[in-house]
Amino acid sequence: QVQLVESGGGSVQHGGSLRLSCLASGFGLEHYGIGWFRRAPGKDYEGVAFIHGGDGRTAYADAVRGRFTISRDKAKNTVYLQMDSLKAEDTAVYYCAADLYPVPFPNSESDEYDIWGQGTQVTVSS
């Protein structure tokens, strides 16, 4: 079964850290572009971090650059999102998604991603 499963969400205070994990099963991440998206209540999907599963290139949205770090572990078929210096405005449901054709890279268009996880809630209190 082809799927992505996120974990690691939770509640933290302003300035805290969380690490999200995205485990892929049924396919190899090295063939895909992986994006972390978030969706806050009443808002659309926002792409925050991207990694090319093959060559490891990364890209970040301006809102998180310098605070979030995306990485991958090929052996574990897992992508991570390390989130530091969290702010209240980072509160959202976070999703990882796989793009089968990651050209151009990065692709911030959520509707072009082929596989999505179920999401994990991140809540930052001020």
**Q.** Sequence neighbours excluded - disulfide bond (SG atoms under 2.5 Å apart) pairs with any residue from residues 33-66
**A.**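 Sorted result for residues 33-66: empty, none.
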Q: Only pairs at least two apart or in different chains count here, so list each disulfide bond (SG atoms under 2.5 Å apart) that has a residue in residues 86-124.
A: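 Passing the test, one end in residues 86-124: Cys22-Cys96.
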Excluding sequence neighbours, so at least two apart, what forms side-chain contact (heavy atoms from CB on, under 4.5 Å) with [X]?
X: Ala88; result: Ser126
X: Val124; result: Val12, Leu86, Asp90, Thr91, Val122
X: Val2; result: Phe27, Ile115

Q: Any pair with a residue in residues 75-88 that passes side chain to side chain donor-acceptor pair (under 3.5 Å), sequence neighbours left out, goes on the list, sorted by first then second residue, please.
A: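 Those involving residues 75-88 are Ser17-Asp84, Gln82-Asp84.
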Q: Each residue besides Val5 in its hydrophobic cluster should be listed here, by chain and number; the cluster joins Ile, Leu, Val, Met, Phe, Trp and Tyr at side-chain heavy-atom distances under 4.5 Å.
A: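 Under the 4.5 Å side-chain rule, Val5 groups with nothing.
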Q | Remaining members of hydrophobic cluster (4.5 Å side-chain criterion), Tyr113 | A | Phe37, Tyr45, Phe50, Val93, Tyr95, Phe105, Trp116
Q: Please collect all salt bridge (Lys or Arg N to Asp or Glu O under 4.0 Å) contacts where either partner lies in residues 47-65, sequence neighbours excluded, each pair once.
A: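 Listed by first then second residue: Asp55-Arg57, Asp62-Arg65.
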Q.
Taking salt bridge (Lys or Arg N to Asp or Glu O under 4.0 Å) as the cut-off, I'd like each qualifying pair that reaches into residues 92-115, sequence neighbours left out, listed once.
A.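 Passing the test, one end in residues 92-115: no pairs.
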Can you tell me how far apart [atom1] ([X]) and [atom2] ([Y]) are? Round to the nearest 0.5 Å.
X: Phe68; Y: Leu20; atom1: CZ; atom2: CG; value: 8.0 Å
X: Leu4; Y: Leu23; atom1: CG; atom2: CG; value: 8.5 Å
X: Ile34; Y: Leu29; atom1: CD1; atom2: CG; value: 4.5 Å

I need the minimum non-hydrogen distance between [X] and [Y], along with the two atoms involved.
X: Gly54; Y: Arg72; answer: O-NH2, 3.3 Å
X: Gly47; Y: Ala61; answer: O-CB, 3.4 Å
X: Leu81; Y: Ala49; answer: CD1-CB, 3.8 Å

(Q) Taking atom CD as the centre, does Glu89 end up with more than 12 heavy-atom neighbours from other residues, nucleotides or ligands that are less than 6.0 angstrom away? (A)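 Enclosed.
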Q) If Ile, Leu, Val, Met, Phe, Trp and Tyr residues are connected whenever their side-chain heavy atoms lie under 4.5 Å apart, and connections chain through other members, are Met83 and Tyr60 in the same group? A) yes
(Q) Please enumerate all residues that pass side-chain hydrogen bond (donor to acceptor under 3.5 Å, both in side chains) together with Thr123, with sequence neighbours excluded. (A)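 Partners of Thr123 under the side-chain hydrogen bond (donor to acceptor under 3.5 Å, both in side chains) test: Gln121.
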Q) Considering residues at least two apart in sequence or located in another chain, which fulfil the salt bridge (Lys or Arg N to Asp or Glu O under 4.0 Å) criterion with Glu30? A)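 In terms of salt bridge (Lys or Arg N to Asp or Glu O under 4.0 Å), with neighbours along the sequence ignored, Glu30 is linked to no residue.
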Q. Is the shortest heavy-atom distance from the side chain of Glu6 to the side chain of Trp36 under 4.5 Å?
A. yes
